[in-house]
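Side chains included, hydrogens not; waters and symmetry mates left out as well; all remaining heavy atoms used. If you read the sequence from its start, that first residue is 1, and numbering goes on from there. Remember, it's 1-based here, ligands and their atoms both numbered in the order they're listed.
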Amino acid sequence: MNIALIELFIIRMPLKSPFMTHLGTVSEREGIIVKITDKEGNSGFGEGVAFSTPWYTEETVKTSTHMLTDVLIPVLQNHPIEHPQEAAVLFQPIRRNHMAKAALETALWDLYAKEQSQPLSRLIGGTRERVASGVVVATDSTASALRQIEAYLEEGYQRIKVKINPQQDYDFLGEIRRYYPQLPLMADANSAYTLTDLDRLKALDELDLLMIEQPLDPDDIIEHAQLQKAIRTPICLDESIVTFDDARKAHELGSCKIINIKVGRVGGLFEAKRIHDYCYEHDIPVWCGGMIEFGISRAHNIALASLPGFSIPGDLSASSRFWEEDIITPEVTVENGVISVPARPGMGFTINEKRLKETTMAKMAFRF
Ligand code: OSB
Ligand code: MG
């Protein structure tokens, strides 16, 4: 890979409607777009998915920008690589900062796939031609949740996820169940509970949820195992799983029955695939998580979700779920509850240059 230039674009876009969790509300999304151009003129794209503030993990747009400009890009300037997998190895001695690493690593994968004239999905071992679509409803009112669910089901989404917390769980979910007895429904708590809430969580068993995502703190791997023994609803871990070893330990301890894989959270496609392969081998269903992301990260998610172990609809929604206009063309669309996996080389989408330009707040360039 003869890298000639790496460019960073710090972009900002308003969400169509606010995304509410017990940790805060996201109304506007900042992101980092990474563009890597090789000496032959191919360009690969990645996206940094850290938020403006550290509410989901410790990373932010500013910490990711620092890591990219002062640490990670210089590593690539000093060590020419032949394959994106080498980047994962080069980044290993640098602790954490997974979203910053993934921003760069996914751009390398897209570039490499284009250099090889191969779809990214096939390059990483994807077998599916379409991936199942699910969507998240993140609001603090039952009426608004019911309205949104109705609209999303009309659009064809196969699974609905709602955000819950101790102030909004049993009655809220029960009301949704009353309207939609058969709906594939799950709940994401983003660590809103502790083991002292065991009775509250046990009560949810009667609502036939597909799973409950991340009920306890990210570090509560033992507590999750205790909880899983006490409830029937499968636990799915999100924030707790940031490495391959986290996935292995969670499985060995019985802390979950399902894992949500996010490329940014685990530091790139290589680690995401390792986790997938382990889970596939051990019969742990996985699904692809979402980060209120722009089209580039969506494209990488689609490639990842084409791997055989992604047997559950993920947070894989259309560009129009969050954005008036996305930064890729064509935009990601959901038809009959699925998204088609592109057969074009690389991530399979091109950049909407006009939209990228009008959302860019700052730009940086690094020559090789
Ligand atoms: O916990 O899964 C989460 C969005 C931002 C940060 C964390 C989470 C989410 C979602 C997915 O729930 C939303 C999406 O579809 O992008
Ligand atoms: Mg989650």
Side-chain angles (χ1 to χ4, degrees), residues 13 15-31 47-61 64 98-99 102 131-140 145 148-149 152 155 157-165 185-193 209-218 220 224 234-242 246 250 256 258-266 272 286-302 304-305 312-323 326 331-332 334 339:
M13 211 188 280
L15 272 65
K16 278 173 148 179
S17 59
F19 189 92
M20 295 159 110
T21 76
H22 76 103
L23 298 169
T25 299
V26 180
S27 314
E28 193 179 61
R29 183 73 161 108
E30 279 185 297
E47 185 179 316
V49 297
F51 291 95
S52 307
T53 61
W55 67 272
Y56 172 71
T57 66
E58 67 278 13
E59 289 182 85
T60 67
V61 172
S64 289
H98 290 172
M99 293 177 186
V131 297
S133 222
V135 69
V136 183
V137 167
T139 171
D140 62 357
Q148 289 183 49
I149 291 169
Y152 289 138
E155 284 182 52
Y157 286 103
Q158 296 193 30
R159 179 230 66 180
I160 300 286
K161 160 170 143 182
V162 295
K163 296 291 190 181
I164 59 162
N165 61 68
L185 176 67
M186 62 169 289
D188 186 359
N190 290 107
S191 307
Y193 298 88
L209 302 177
L210 295 172
M211 69 194 86
I212 178 167
E213 185 180 346
Q214 198 66 44
L216 312 177
D217 266 353
D220 284 354
H224 275 111
I235 292 176
C236 169
L237 291 177
D238 174 354
E239 287 92 323
S240 291
I241 309 297
V242 302
D246 288 339
C256 65
I258 300 169
I259 289 178
N260 153 345
I261 303 181
K262 291 184 186 173
V263 178
R265 196 189 66 225
V266 304
V286 299
W287 53 275
C288 182
M291 284 291 286
I292 317 181
E293 58 247 286
F294 302 109
I296 294 166
S297 185
R298 260 165 223 283
H300 291 126
N301 287 346
I302 293 164
L304 179 68
I312 305 178
D315 289 345
L316 296 165
S317 56
S319 296
S320 63
R321 160 67 182 86
F322 293 110
W323 317 121
D326 203 344
E331 296 202 343
V332 174
V334 172
I339 298 171

Among the N, O or S atoms of Asp188, which one sits nearest to the Mg ion (ligand 2)? OD2

Among the N/O/S atoms of Asp238, select the one at the shortest distance from the Mg ion (ligand 2) and name it. OD2

Is [X] in polar range of ligand 1, meaning some N or O pair under 3.5 Å apart?
| X | value |
| --- | --- |
| Val136 | no |
| Asn190 | yes |
| Tyr56 | no |
| Trp55 | no |

Closer than 3.5 angstrom, by distance alone: can the side chain of [X] be matched with the main-chain N or O of [Y] as a donor-acceptor pair?
| X | Y | value |
| --- | --- | --- |
| Glu59 | His98 | yes |
| Arg29 | Leu15 | no |
| Lys262 | Gly290 | yes |
| Ser319 | Val332 | yes |
| Thr60 | Thr53 | no |
| Asp326 | Gly295 | yes |

Select one of side chain, backbone, both or neither to describe which atoms of Asp238 lie under 4.0 Å from any atom of ligand 1, heavy atoms only. side chain

Heavy atom under 4.0 Å from ligand 1: found in Val26's side chain, backbone, both, or neither? neither

Hey, which of His300, Glu293, Arg298 is the one that makes side-chain contact (heavy atoms from CB on, under 4.5 Å) with Ile296? His300

If you have a sec, work out which protein heavy atom is nearest [atom] and how many Å separate them, to one decimal?
| atom | answer |
| --- | --- |
| atom 9 (C) of ligand 1 | Gly290 O, 3.6 Å |
| atom 15 (O) of ligand 1 | Asp315 CB, 3.6 Å |
| atom 5 (C) of ligand 1 | Phe51 CZ, 3.4 Å |

Interfacing atoms of ligand 1 (cut-off 4.0 Å, heavy-atom, [X]):
| X | value |
| --- | --- |
| Ile292 | 4 (C), 5 (C), 14 (C), 16 (O) |
| Glu213 | 2 (O) |
| Phe19 | 4 (C), 10 (C), 12 (O), 13 (C) |

Below 2.8 Å, can you find an N, O or S atom of Glu213 next to the Mg ion (ligand 2)? yes

Let me check your reading of the structure: within less than 2.8 Å of the Mg ion (ligand 2), is there an N/O/S atom from Asp315? no

If we count only N and O atoms by modelled type, under 3.5 Å, do the side chains of Asp238 and Tyr56 hold a donor and an acceptor together? yes

Classify the side-chain pair Asn260/Gln214 by whether it contains a donor and acceptor separated by less than 3.5 Å. no

Just one of Thr139, Thr21, Asn190 clears the side-chain hydrogen bond (donor to acceptor under 3.5 Å, both in side chains) bar with Lys163, so which one? Asn190

Closest to atom 8 (C) of ligand 1 (judged by heavy-atom distance), picking from Arg265, Lys262, Arg321, Met291: Lys262

Let me see the working for Arg159 and Asp315 under salt bridge (Lys or Arg N to Asp or Glu O under 4.0 Å), right down to the final yes or no. CA-CA 9 Å; Arg159 179 230 66 180; Asp315 289 345; 2.5 Å; yes

Within less than 4.0 angstrom of ligand 1, does Lys163 place any heavy atom? yes

